[in-house]
Amino acid sequence: MKSMSATPESSAAQVLPFVRRYAVLILLVALFVTLSVSTSSFLTLTNLINILNQNAPLAIIAVAGTLVVICGGFDLSTGAIFSVAAVVAAWVAVRLGNPALGLLSAPVVGAILGLINGLAITRLKIHSFLATLASSLVYGGLAVLITGGFLISVDDGSFTALGRGGVGPVYYAVIILGVFALVSGFLLNYTTFGRYVLSVGGNPEAAELSGIRVDRVKLYTFLYSGLAAGIAAAIGVSRIGSGQPQAGTGLQLLAIAAVILGGTSIYGGIGAIWRSVCGVYLLALIDNGFDILNANPFFKDLTTGVVILAAVALSATRRGR
Amino acid sequence: MKSMSATPESSAAQVLPFVRRYAVLILLVALFVTLSVSTSSFLTLTNLINILNQNAPLAIIAVAGTLVVICGGFDLSTGAIFSVAAVVAAWVAVRLGNPALGLLSAPVVGAILGLINGLAITRLKIHSFLATLASSLVYGGLAVLITGGFLISVDDGSFTALGRGGVGPVYYAVIILGVFALVSGFLLNYTTFGRYVLSVGGNPEAAELSGIRVDRVKLYTFLYSGLAAGIAAAIGVSRIGSGQPQAGTGLQLLAIAAVILGGTSIYGGIGAIWRSVCGVYLLALIDNGFDILNANPFFKDLTTGVVILAAVALSATRRGR
Amino acid sequence: MAAAQQSVEPAVSVRDLSKRFGSTQALSAVTLSFARGEVHGLVGENGAGKSTLGKMIGGLYHPDTGELDVFGNRVRRWDIKRAQDAGVVLIAQELCLVPALTVAQNVFLGRERRTFGVLHSGLERRYQELERVCRFGLPPDVPVDRLSIADQQKVEIMRALARDARVIVMDEPTSSLTADETTRLHDIIGWLKSRGTTIIYVTHFLEDVLAHCDRVTVMRDGRVIRTADTARETKASLVEAMLGEPADMLLPERPPEPGGAPLVEMRDVYSGEAVRGVSLTVRPGEIVGLAGLVGSGRTEIARVLFGCEPADSGRIAFRGEEVRAASARASIARGMAMIPEDRRAQGLVLTRPAFENVTLPHLGGFSRMGVLARRAERAAVEELFERLGVRPRQVDGDISVYSGGNQQKVLFAKWLLGRPEFLILDEPTRGVDVGAKARIYQLIVDIATSGTGVLLISSELEEVVGLSHRVYLVRHGSLIGEVAAAETSVEVLLQRLFGVGDTPTTSTPSGNGEDQ
Amino acid sequence: ACNSDVTGSQAASSGAAEQAKHTGPVRIALLAASSQNGFSKAVYDGAVAQAKKLGDVEVTIFDGKFDSQTQFNQLQNVSGQGKFDGIVIVPNDNVGIAAAVPAAAQAKIPVVTVLFPIGPDLTEMTPQVPGVVSTVASNAETDAKAQAEGVAAYCEGKNPCNVAILIGQLQFPFDNLRHKAYRSVLDQHSNIKVVATGQGNYDRDTSLKAMQNILQANPKLDAVLSNADQQTTGAQIALESAGLDLSKMYVTGAGGNTEAIKQVRAGKWAADLANFPVSMGSAALDQAVNAVRGKPVTPVVDANKLGPVPVIVTKEILDQYPDFSGEWSD
Ligand SMILES: Nc1ncnc2c1ncn2[C@@H]1O[C@H](COP(=O)(O)OP(=O)(O)OP(=O)(O)O)[C@@H](O)[C@H]1O
Ligand SMILES: Nc1ncnc2c1ncn2[C@@H]1O[C@H](COP(=O)(O)OP(=O)(O)OP(=O)(O)O)[C@@H](O)[C@H]1O
Ligand SMILES: O[C@@H]1[C@@H](O)[C@@H](O)CO[C@H]1O
Ligand SMILES: [Mg+2]
Ligand SMILES: [Mg+2]
């Protein structure tokens, strides 16, 4: 509301908007540089590739989650969708003896569960926060039921190739993330669908009065988010070679935290894909830093909290009106 | 947008708004009746008192959380505050050898951490969702540091009396919850503070234009929420007789789920204390039912999810303009 | 500036006040004073800086440089709370109420009587006292989100009055009021003035300024052009000062009398409580006005026609074909368009740049297989902005900070782009400055001349009478008559709207009071 | 179980080859299931103590946050960095983590697993995955059965004998295994009725709640069988506040933490399954260091033989070991 103002000419006034806008990027770079300087084990190809690779599934979920948040929603069920998709993938691979079909089934299952979310939200007119909280419980229960509490292990090179293999030094997971992020960014910025997502998030009533099928746009974002969780699950289950019902636990919160940390507005209508990717890797660098600096893990949560606060405080634009 | 209107005379039109309005209560009663009919062990004084008692700490957090949500905020740090307060209480009780002082320190610690949340949110102008997510990491880290990762066990009858004792058959915890809920309800409905909370949540700009110190009102709601987490921690730590850094894990999500399940608007501005209490005990009945019916725990999450969906779908009012 | 009131120290005075928003210099070195007990008009084009100045006085904005004196005291820390404690109150241009609180709760928000923070009962009584002055006839215990815009604006006025202010900045307080309500407000202003209250009155209705203000300040591009006694000004002199050039103030000539079959037809349509048996027609190229008092149901009729609200019974036809399963989307596909009355809540996506707001309903035409042709999009909007004189002119401006009038122009652009066959205009000139208004009038006439049917809802009866071919009179959700605009006048319309014999001074609760 | 094993000696010898180039301190990464978990913490403490004893060994702890993905990443990171010579892990799952072991093997970093084996079979102690040189654990199935046998023995002659089971979380394979083992024993006795199975989630409060609720439906409980001491402690609060005398029933837990040993000594718990995490930590460190230094490695270290007391302890047994107080607290 209040906008205490600096002298217009001052250089602070020039720099501040830039800092606010790119807060997450600036912090990411700052942390990167700090780590590179502090330890020789950070800036190695293997380490960087590992960081990229390890967090690719989370980043894929966060990328799609960005569309959901921009459209004014919340998807708290991605973790559970991940679990179901992973478990189904393993189940299909083992029971039907077809690893490729197993891996393919994960995105399909994800998309279907996302579609169910979307339908529940738009047909029953319930807020996505609660709808996906509820569906995450249901899906989580489903994952447990499918496995009967055991894990389904898949011992097959063609099943694990997706998660563990790559092209040259670059893992498939990273490539998939790259493609998925680019496609999503393109969707958001260069297609009518993206424009609708932005408008529905910005003002659903105005969008509706402009002839946009608000419900359908919302529905698609949840479908997309489910699809992403399914793709992430295919990578994840292939990597560890076993379907476990608790595989996706907590992923949804990390993904949302990364999206918001990136600077996408929790109120919808404003945001970007690259921001969420930065958010994911900012959190990843903290983790990695602690691991390779041998720092006391007791301080890790504390540090993560402080970094998030810093990022958000930096980027906080005082809302003038 | 659309408000399909039934014939005004039809009885459905009479009943529907009622059902929507009291969805959480109706489901609570329905579940209560179902359980009473299904097993004789449900409708006993001890069982009912147990249910009330077990969930009193959660309910206390949800009651205060209602004010936060009505005011347009989110407190994701109550679980971590609970942990810190519990650990400090145990620490003080053991190290200073003063159990009463230990228990008293919990609400104080809670209020201070809540105040810090409030200051971060209002001074740094950052959204409470992210601010409390970050602070919950910081606080969680703190709790671990205080204990060094171990639990602090307190073997003292006067320390455990608060959590395990009561007046006649009624536990202290239930009495505290009752008083806290009444006070909070009074605050919300009969004081200027409550009126301001409602208006800040309903339209912060309008509140500001009316000369209300919006930031201060927000700050108080977080302080109150922290205080509640501290009170809950005092009960919790006294009950199990040990302070553990992971004691409060997940409480914050349960509390928020209960608040929203109750029917308080996620957008702020509308809500009620009794709703959140109903939300807590709706979830509690499901838990209790599973335990006393010796039902397969694999179905618990699934059932909880379905009940939440039912509650929300029932109460979903199509938003007119 | 020969003002007799200046002998006493002014209520509010500002010196060298400047304010910059990004690249926009909203105010440049404004020096101005407002005497005690005067009604001071503030006029200027959209974006001239009137609201910015008002918000600074009211404590909502802080100046970059410059000084503010209130009752002779230099103001250092200034915010809304301090301003209100000092007796300075702002009625902001954009409606701003707490939706779930009742009328009375909103009115006294922040001014509750209390003991140790515990609310007193007797809100009703306090409200009734205030109502004796205002006589708006609003139901005190209804949540404000159930009120029409006009009624909400009355709540805003009452909220300001409830603060016992010594200075009230009224930023376009009458933009959604009908003539009788405006008269009520002017009575209230007179009464306040008699008690020594200073009123800073921002408005685009120059007649009102001339009739009710003691002095008037004209602003242009963030600067003060002049301040003068209103007695020495005329409408033409004000307009010239505002625009920097003399302007033609006449309504454009009506488009030629249309012929042909009805384009749109409503037959005995009912919807909820607000629309009761409405039958009307609009032909291609025809401008049809809906005239009614506040809350009479004009907006509801338009919304039903456009498909945002379902009809309970009756028949709606477009080009002779019955419309089934109405929705905004289907209406747009048929060639209908509507500019809603609440531009911020219903019209604009404030988080998106201006041009995206314009092209939003027409993206099909700016894309191939879902991929946008952004250059074509911008080019089309650039041309429209030029034609409508939208300011700032850049098409990717941040619409949320545009002045109200310019926001309205952007909304116009949004629908002109689609060349609709039928256009519903709900309060199309609300908050629009005189220059832009003239342009919008011309636009409406051009649109109709090109064959588009127009349904025009406006609380400015001059507009309705001056532009329409025919006017329907709306009362309590029903049409009570139809007149040929060329053969009637504002006075006659008013008489008929109030019912013969009624005097236009009593405020009619107009249904909403009893309905709820 | 002490026979040298092919996999083990291979890894050990490759470790030795590496060691030939690097003299100096041996750096061990300890991947805890969670650094906030008492059991893991005790394993760490044991490893640190042993490192001090050996000299020239450094131990660094990593927090696995009870999350298999996190731990997977850590194992990968630690293997890729070249800053560690050996790894001791308290795994969060047995199968998923196996996929990260090859990375360690490739980097010639030996892995020692503590608490349960890495690989598809939770009951197979011999290292199942190349790269794992030693398993410091006991057979959870046999242990769980032993626990359940205690219950069965107590129940003899009681008909019905009402038993409540508290299990951590059935969806964890490790817990599922133990639950099945419990049932396989108990279900053989027609007099034994498993009246309730609650999930205790390894925490006192959850178990307290669950036990209170279970007591509602089953006020006449004869035995409580739990796979974790924290859960039994929670249950005890519920049982006692319901006015039950624990010494007149059969209450048991697993873990051998200080609270458990205290309660068994006091005659309140009938028995406890004792684990020795500190000893396990030091044994695991020994094996890891041996592997790094090219010394012989024991592929299977039976964790139940590491402590001073037998694996199932009762009051009578503990009376013979007055000095034993448990190796960890939760
Ligand atoms: N918060 C803001 N951020 C950026 N620019 C702003 C802001 N508020 C106003 N402006 C700009 O400052 C200029 C003055 O705006 P202001 O609202 O004061 O005009 P106005 O005279 O009230 O116009 P109108 O008659 O349309 O209400 C405009 O160019 C407007 O776009
Ligand atoms: N969503 C709603 N819920 C309840 N009442 C409503 C709703 N929408 C409109 N009304 C009521 O219906 C009546 C007609 O309102 P409408 O807005 O159509 O009037 P109007 O003639 O356009 O007047 P205005 O100048 O206020 O826009 C009013 O009494 C209004 O309060
Ligand atoms: O008590 C349990 C043991 O049974 C084992 O599961 C390891 O964790 C401890 O907490
Ligand atoms: Mg203005
Ligand atoms: Mg209207």
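Naming: A, B, ... by sequence-line order, numbering from 1 per chain. The basis for the numbers below is simple: all heavy atoms, side chains too, and nothing from hydrogens, waters or symmetry mates.
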Pick one of side chain, backbone, both or neither for D:Leu170, based on which atoms fall under 4.5 Å of a heavy atom in chain A.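 Only the backbone of D:Leu170 comes within 4.5 Å of chain A.
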Measure the spacing between [atom1] of [X] and [atom2] of [Y] and express it to the nearest 0.5 Å.
X: D:Thr70; Y: A:Gln54; atom1: OG1; atom2: CD; answer: 9.5 Å
X: A:Asn47; Y: D:Gln76; atom1: CG; atom2: CD; answer: 10.5 Å
X: A:Gln244; Y: D:Asn92; atom1: CD; atom2: CG; answer: 10.0 Å
X: A:Ile240; Y: D:Ile97; atom1: CD1; atom2: CD1; answer: 9.0 Å
X: A:Lys300; Y: D:Asp63; atom1: NZ; atom2: CG; answer: 6.0 Å

Provide the full list of ring-ring contact (aromatic ring centres under 6.0 Å, His included) pairs with a residue in residues 51-80 of chain D, sequence neighbours left out, each pair given once.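 ring-ring contact (aromatic ring centres under 6.0 Å, His included) check on residues 51-80 of chain D returns D:Phe62-D:Phe84.
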Does anything in residues 89-133 of chain D form a ring-ring contact (aromatic ring centres under 6.0 Å, His included)? List the pairs, not counting sequence neighbours.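 Found D:Phe116-D:Phe174.
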Donor-acceptor pair between A:Asp287 and D:Gln74 side chains, under 3.5 angstrom: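 No.
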Picking from D:Thr60, D:Asn73, D:Val95, which has the most non-hydrogen pairs under 4.5 angstrom with chain A?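 Among D:Thr60, D:Asn73, D:Val95, the one with the most close pairs to chain A is D:Asn73.
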Please determine whether the number of non-hydrogen atoms from other residues, nucleotides or ligands lying under 6.0 Å from atom CD of D:Gln106 exceeds 12.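 Check fails, neighbour count at 12 or below.
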Provide the full list of side chain to side chain donor-acceptor pair (under 3.5 Å) pairs with a residue in residues 163-176 of chain A, sequence neighbours left out, each pair given once.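 Pairs touching residues 163-176 of chain A that pass the test: none.
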Just to be sure I understand the criterion: a residue of residues 35-45 of chain A counts if one of its heavy atoms is under 4.5 Å from a heavy atom of chain D. Which ones qualify?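 Within residues 35-45 of chain A, near chain D: A:Thr39, A:Ser41.
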D:Asn176 and A:Gly148: which non-hydrogen atoms are nearest, and at how many Å?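 Heavy atoms only, the tightest pair is ND2-O, 3.4 Å.
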Could you pull out the closest heavy-atom pair between A:Ser242 and D:Gly96, with the gap in Å?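 Scanning both residues completely, I find the closest heavy atoms to be OG-N, 4.0 Å.
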Could you go through D:Lys65 and A:Asp301, starting from their C-alpha distance and side-chain angles, then the distance that decides it, and tell me whether this counts as side-chain contact (heavy atoms from CB on, under 4.5 Å)? CA-CA 11 Å; D:Lys65 293 181 174 166; A:Asp301 277 355; 4.1 Å; yes
Among A:Pro245, A:Gly243, A:Gly241, A:Ala247, single out the residue with the greatest number of heavy-atom pairs under 4.5 Å to chain D.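 Of the candidates given, the most pairs with chain D belong to A:Pro245.
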Does any part of the side chain of D:Asp67, heavy atoms only, come nearer than 4.5 Å to the side chain of A:Thr249, both counted from C-beta?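 No, too far: nothing below the 4.5 Å cut-off.
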